Protein chains: 2
Amino acid sequence: MSRYERTCLIRGDGGRAIRGILDRIANKWTLLVVATLHEQRMRFGELQQRIPGVSQRMLSLTLRHLERDGLVSRTAYPEVPPRVEYELTDVGRTLIDPAVRLAEWAVEHNPDIDRSRRSYDEHRPPEPDR
Amino acid sequence: MSRYERTCLIRGDGGRAIRGILDRIANKWTLLVVATLHEQRMRFGELQQRIPGVSQRMLSLTLRHLERDGLVSRTAYPEVPPRVEYELTDVGRTLIDPAVRLAEWAVEHNPDIDRSRRSYDEHRPPEPDR
DNA sequence: CCGCATCCTCCATGATACTG
DNA sequence: CAGTATCATGGAGGATGCGG
C-alpha cells in the first residue's frame, strides 16, 4: 500500500469514515467498556466495579450507544432482583484489534510526547501572571 | 498475545494511556491534518485548501497542539509575505499506521453499524411528538 | 499570507436524587 | 440491582475581526 493510498483511507470522503468511528470511540468510556467486556460477558454492576471512576449514568449511556451500534448485546433476565448481562457482538470483537494497535502506539510514544511537551512549555512559558 | 493481555494494553493503568492518545487524536481535525501532511510537507494555506471545512482557527490550534506533542515540525521563513511550512516528524509518521487500521475498521464496518442503528431506532422510535 | 483574540453555542461528562 | 431524571459545568468548535 503506497503512502498516498494509506492517507486516502483516512482522508477519503473528506474524512467522514474516520470521523464516524472516532465519534463513536473517542469518548471517555467506550474503549474501556469494550476492552473489559472482551474478557468475558458481564453484568452492569460488575462492569462498574471493573471500570474505576465511571458513573452509573455514563456507563448506562455508553452501553446504550454500543448496543445501538450493534457492538454490544444486552440480555435482561426476568428475575427479581433484575439481572442484565452485556456481551460483545462479533462486530464488537473486531474493534479490539485496531484499538490495541492504538494503545500500543500510545504506550510506546507517550514518553516522547511528554518530553516534547515539557520542552515546548519550557520555551514558551504560559501566562506568568494572572 | 492472549485475550487478557490485549485488553490489558487498553485497560492498563485504568485506561490512562489509551485515554491520553484519544485526547490527542480524537478531535475533529488532528488525524486529517496528519494524513494530509503524510503526503508531503505543506504550507498553512495549502493545508487549509486540502482539508475541506476546517477554519483558520481550528487548523491553527490543531497544528500547534501537534507541534507541542512533537508530531509536527513548523518552519517559518523570514520572508515577506510570510511562508510557513509544516512537516510530520519521525514520531508523527509512526501514527499513520494505527490510524490507518482504525480507518480500515471504519470503512469495513460502517455498513453494519448503520444498519444496526436504523434497526434500533425503528424498534424504539424516539419522541413521536414534541 | 499567517494566525491570534474575542465572543458565543453546544455537547460530553458528572453529581445527585429517585424508581421498578 | 439496574437503571432514569434533573441540573450544572467545562471544554471543543465556529464566526468574525484585527495585526505583523
Side-chain angles (χ1 to χ4, degrees), chain A residues 14-16 19-33 36-37 41-69 72-87 120 124-127 130, chain B residues 14-16 18-20 22-33 36-37 41-69 72-87 124 126-127 130:
Chain A
R16 226 158 302 175
R19 205 92 68 61
I21 203 273
L22 282 179
D23 287 345
R24 246 176 244 110
I25 69 164
N27 54 63
K28 212 163 165 181
W29 306 111
T30 295
L31 279 189
L32 291 183
V33 170
T36 305
L37 283 178
R41 69 207 311 266
M42 220 171 280
R43 304 180 55 169
F44 186 93
E46 207 175 346
L47 264 172
Q48 196 178 9
Q49 285 172 20
R50 296 216 192 189
I51 302 178
V54 69
S55 65
Q56 269 190 339
R57 171 184 154 78
M58 289 318 295
L59 181 55
S60 182
L61 280 179
T62 303
L63 285 168
R64 217 153 301 292
H65 290 330
L66 285 170
E67 191 194 354
R68 185 169 106 101
D69 289 344
V72 158
S73 69
R74 186 193 122 113
T75 315
Y77 298 88
E79 303 172 356
V80 178
R83 181 163 60 98
V84 181
E85 290 196 343
Y86 294 92
E87 177 174 28
Y120 185 96
R124 308 192 177 199
E127 329 301 289
R130 248 330 196 95
Chain B
R16 225 158 303 174
I18 192 77
R19 205 92 67 63
L22 281 179
D23 287 346
R24 248 177 243 110
I25 69 163
N27 53 65
K28 213 163 164 181
W29 306 110
T30 296
L31 279 189
L32 293 181
V33 170
T36 305
L37 283 178
R41 71 207 308 267
M42 217 171 283
R43 304 181 55 170
F44 186 93
E46 208 175 345
L47 265 172
Q48 195 178 10
Q49 285 172 22
R50 297 215 192 188
I51 303 178
V54 70
S55 66
Q56 271 191 340
R57 171 186 151 79
M58 288 319 294
L59 181 54
S60 183
L61 280 179
T62 303
L63 285 169
R64 248 174 311 108
H65 290 330
L66 285 170
E67 191 195 354
R68 185 167 103 102
D69 290 343
V72 158
S73 69
R74 183 193 128 113
T75 314
Y77 298 88
E79 302 171 357
V80 180
R83 182 163 61 97
V84 182
E85 290 196 340
Y86 295 92
E87 177 175 26
R124 308 191 176 199
E127 332 300 287
R130 246 332 197 97

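Per chain, numbering begins at 1; letters A, B, ... match sequence-line order. Since we're looking at a predicted model, the values are computed, not measured. Just the heavy atoms: all of them, side chains too, but no hydrogens, waters or symmetry mates, feed the values below.
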Notebook entry, point to check: Between A/Pro81 and A/Arg57, who's closer to the 5' end of DNA chain D by nearest nucleotide?
Noted result: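 Counting from the 5' end, the first nearest nucleotide belongs to A/Pro81.
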Next item on the list: Hey, which sits more toward the 5' end of DNA chain D by its nearest nucleotide, A/Ser60 or B/Val54?
Entry: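 This one resolves to A/Ser60.
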Nearest-angstrom distance from the residue atom [atom1] of [X] to [atom2] of [N]:
X: A/Leu59; N: C/dT13; atom1: CG; atom2: P; result: 13 Å
X: B/Asp23; N: D/dA12; atom1: CG; atom2: P; result: 9 Å
X: A/Gln48; N: C/dG14; atom1: CD; atom2: C1'; result: 13 Å
X: B/Trp29; N: D/dG13; atom1: CH2; atom2: P; result: 9 Å
X: A/Phe44; N: C/dG20; atom1: CZ; atom2: P; result: 18 Å
X: B/Arg43; N: C/dG3; atom1: CZ; atom2: P; result: 10 Å
X: A/Leu61; N: D/dT6; atom1: CG; atom2: P; result: 14 Å
X: A/Gln56; N: D/dT6; atom1: CD; atom2: P; result: 17 Å

Item checked: Main-chain N/O of B/Lys28 paired to A/Arg19 side chain as donor or acceptor, under 3.5 Å ->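 Yes, the answer is positive, given that a donor and an acceptor are paired below the 3.5 Å cut-off.
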Next item on the list: Answer yes or no: is there a donor N or O on one side and an acceptor on the other, between the side chain of A/Ser60 and the main chain of A/Gln56, under 3.5 Å?
Entry: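 Checking the backbone N and O of A/Gln56 against the side chain of A/Ser60, no donor-acceptor pair under 3.5 Å is found.
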Margin query: Measuring from the side chain of B/Pro82 (C-beta onward, heavy atoms only), which nucleotide among C/dG3, D/dG14, D/dG20 has the closest atom?
Written below: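 Ranking C/dG3, D/dG14, D/dG20 by closest atom to the B/Pro82 side chain puts D/dG20 first.
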Check: So what does A/Tyr77 touch, heavy atoms closer than 4.0 Å: a base, only the sugar-phosphate, or nothing?
Finding: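 No contact.
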Note to self: I'd like to know whether CZ of B/Arg41 has more than 12 heavy-atom contacts from other residues, nucleotides or ligands below 6.0 angstrom.
What the structure shows: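 Counting other residues, nucleotides and ligands, CZ of B/Arg41 exceeds 12 neighbours.
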Check: How many angstroms lie between atom CD1 of B/Ile25 and atom OG1 of B/Thr30, to the nearest 0.5 angstrom?
Finding: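 One gets 8.0 Å once the value is rounded to the nearest 0.5 Å.
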Check: Does a nitrogen or oxygen in the side chain of A/Arg74 sit under 4.0 Å from OP1 or OP2 of D/dG3?
Finding: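 For D/dG3, OP1 or OP2 has a side-chain N or O of A/Arg74 closer than 4.0 Å.
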